[in-house]
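All of these numbers come straight from a predicted model, not from anything done at the bench.
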Amino acid sequence: MAAEDQGTLTEERDVDESIDVGRGLDALDTPTERRVPWWRRFLTSVVPPIVAVVLFVVVWQALWASAILPEFKLPSPEAVFGQITAEFGSGQALSIIWTSVSRAVLGFLFAVIIGTPLGLLVATVPLVRSAIGPVLTGLQSLPSVAWVPAAVLWFGLTDGTIYFVVLMGAVPSIANGLVSGIEQVPPLLPRVGYAMGATRAQAARLIMLPAALPGFFSGLKQGWAFSWRSLMAAEIIATSPSLGFGLGAYLNQGESLSDMPSVMSAIILILIVGIGVELIAFRPAERRILAARGLATGP
């Protein structure tokens, strides 16, 4: 009887240890979320860029006050920010920004629609990869501005020229980003899918894409950056009343009139839009993707 009781106790202890081990493994797999006080988030996220901007303006003001360069080459911060304030006060700045941002967003969405299946084909079909993989890499390194003269000759001074240049700048980056993400997926995952009866299309959609999402998202960020740069190049070179008046045209107008405050205002507005899209759209989405995988490291 004592031997049976001892055996029962041993079995119960083994079961308890197995449960504890299982809980420990579950805890390791569960993403951890650190609670950071609001004041620390403010100090680490908001204060540094504000300090950097203030230092930049201080240096700019010092260079202007030293008169190293003439006024028409280096205007004062007051003149430039006064120009920006006047543009916003008249409502023209919002119209200019909307013209460029709407084009960039629409072109980027079309690039995602084209680049995603293209990247899947290149990553999963060896023949396609051998055929067009090097071409995509070459197109990604080709400056977008090189497409503008050809696009003008093909499509004329129309919106087709703008969107073509944006697509040629963004599609290779998005496709290559997805290829890079898929290359980092463990080979065991698609094999498990095939073993469970998944077709090649189902494995690509349900296994490869979710597993490659962090790398793919990096490609999307790079694709947006190329979309924005390509758009600015197209708007600066291809100017026409029929194309509207975006940030690139505003920059080109300032250069044509030798109006340095307008030129620097346009540069600052282009920079603000780029930073705003990163902070409002891409950074929160990236944090969610990384946090879902237990990879978030920042506050």
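- In the hydrophobic cluster analysis, where Ile, Leu, Val, Met, Phe, Trp and Tyr join through side-chain heavy atoms closer than 4.5 angstrom, Phe56 is grouped together with Leu69.
- Counting only heavy atoms from C-beta outward, the side chains of Met260 and Glu71 never approach each other to under 4.5 Å.
- The main-chain N or O of Gly248 is found under 3.5 Å from a side-chain atom of Glu235 such that the two form a donor-acceptor pair.
- The aromatic ring centres of Phe155 and Phe164 sit less than 6.0 Å apart.
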Inset, instruction - Carefully, step by step, assess Ser262 and Gln253 under the rule side-chain hydrogen bond (donor to acceptor under 3.5 Å, both in side chains). - result: CA-CA 8 Å; Ser262 294; Gln253 175 183 274; 5.9 Å; no
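- Between the side chain of Ser227 and the backbone N or O of Ala170, no donor-acceptor pair lies under 3.5 Å.
- Screening Leu231, Ile97, Thr99 for a side-chain contact (heavy atoms from CB on, under 4.5 Å) with Leu247, the sole residue that qualifies is Ile97.
- Put simply, Leu271 and Val51 are part of two different groups of oily side chains (I, L, V, M, F, W, Y) that touch within less than 4.5 Å, one to the next.
- Atoms CH2 and CG, on Trp147 and Leu142 in that order, are 6.5 Å from each other to the nearest 0.5 Å.
- Residue Pro172 comes nearest to Leu139 through the heavy atom pair CG-CB, 3.7 Å, listed as atom of the first residue, atom of the second, then distance.
- Considering all non-hydrogen atoms of both residues, Pro261 and Gln83 come closest at O-CG, 4.2 Å.
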Legend entry - CA sep, side-chain torsions, deciding dist, call: Gln222, Gln140, side-chain contact (heavy atoms from CB on, under 4.5 Å): CA-CA 10 Å; Gln222 190 175 38; Gln140 186 175 359; 3.1 Å; yes
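- To the nearest 0.5 Å, the span separating CD1 on Ile270 from OG on Ser100 amounts to 7.5 Å.
- For Ser130 (side chain) and Pro126 (main-chain N/O), a donor-acceptor pair under 3.5 Å exists by modelled atom type.
- Taking every heavy atom of both residues into account, Gly254 and Val263 meet most closely at C-CG2, 3.5 Å.
- In this structure, the side chains of Val166 and Phe110 stay at 4.5 Å or more apart for every pair of heavy atoms.
- For the pair Leu118 and Ile132, the minimum side-chain heavy-atom distance is below 4.5 Å.
- Separating the OG atom in Ser76 from the CE atom in Met264 is a distance of 10.0 Å, to the nearest 0.5 Å.
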Legend entry - Derivation of the side-chain contact (heavy atoms from CB on, under 4.5 Å) call for Trp228 and Val101: CA-CA 8 Å; Trp228 189 239; Val101 171; 4.3 Å; yes
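- To the nearest 0.5 Å, the span separating CZ on Phe88 from CD1 on Ile84 amounts to 7.5 Å.
- Here the side chains of Phe245 and Thr239 are not in contact, with every heavy-atom distance at 4.5 Å or above.
- The closest side-chain donor-acceptor pair between Tyr250 and Gln92, if any, does not fall under 3.5 angstrom.
- Two different hydrophobic clusters hold Met168 and Tyr163 under the rule that ILVMFWY side chains link at heavy-atom gaps under 4.5 Å.
- Atoms CG and CD1, from Leu167 and Ile114 in turn, are 5.0 Å apart once rounded to the nearest 0.5 Å.
- Other residues, nucleotides and ligands contribute at most 12 non-hydrogen atoms within 6.0 Å of the CD1 atom of Ile280.
- Nearest heavy-atom pair, Val135 versus Ala131, reported as atom, atom and distance to 0.1 Å: CG2-O, 4.1 Å.
- Leu213 and Val122 are assigned to two separate hydrophobic clusters, defined by single-linkage of ILVMFWY side chains at heavy-atom distances under 4.5 Å.
- Although no hydrogens or angles enter the test, the distance criterion places a donor-acceptor pair under 3.5 Å between the side chain of Thr161 and the main chain of Gly156.
- Note: Trp224 and Phe282 have tilted aromatic rings, judged against thresholds of 30 and 60 degrees for the angle between ring planes.
- Counting heavy atoms of neighbouring residues, nucleotides and ligands inside a 6.0 Å radius, atom CD of Glu78 does not exceed 12 of them.
- In this structure, Leu120 and Leu178 approach most closely via the heavy-atom pair N-CD2, 3.6 Å.
- Minimum interatomic distance between Gly119 and Val179 (heavy atoms only, all atoms of both residues): O-CG2, 3.5 Å.
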Inset, instruction - Evaluate the side-chain contact (heavy atoms from CB on, under 4.5 Å) criterion for residues Leu269 and Ile96: first the C-alpha distance (whole Å), next the side-chain angles of each, then the deciding distance (0.1 Å), finally the verdict. - result: CA-CA 10 Å; Leu269 290 176; Ile96 293 173; 5.8 Å; no
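- Hydrophobic clustering keeps Trp64 apart from Ile268 (ILVMFWY residues linked when any side-chain heavy atoms are closer than 4.5 Å, directly or through intermediates).
- Rounding to the nearest 0.5 Å gives a distance of 6.5 Å between CZ of Phe226 and OG of Ser144.
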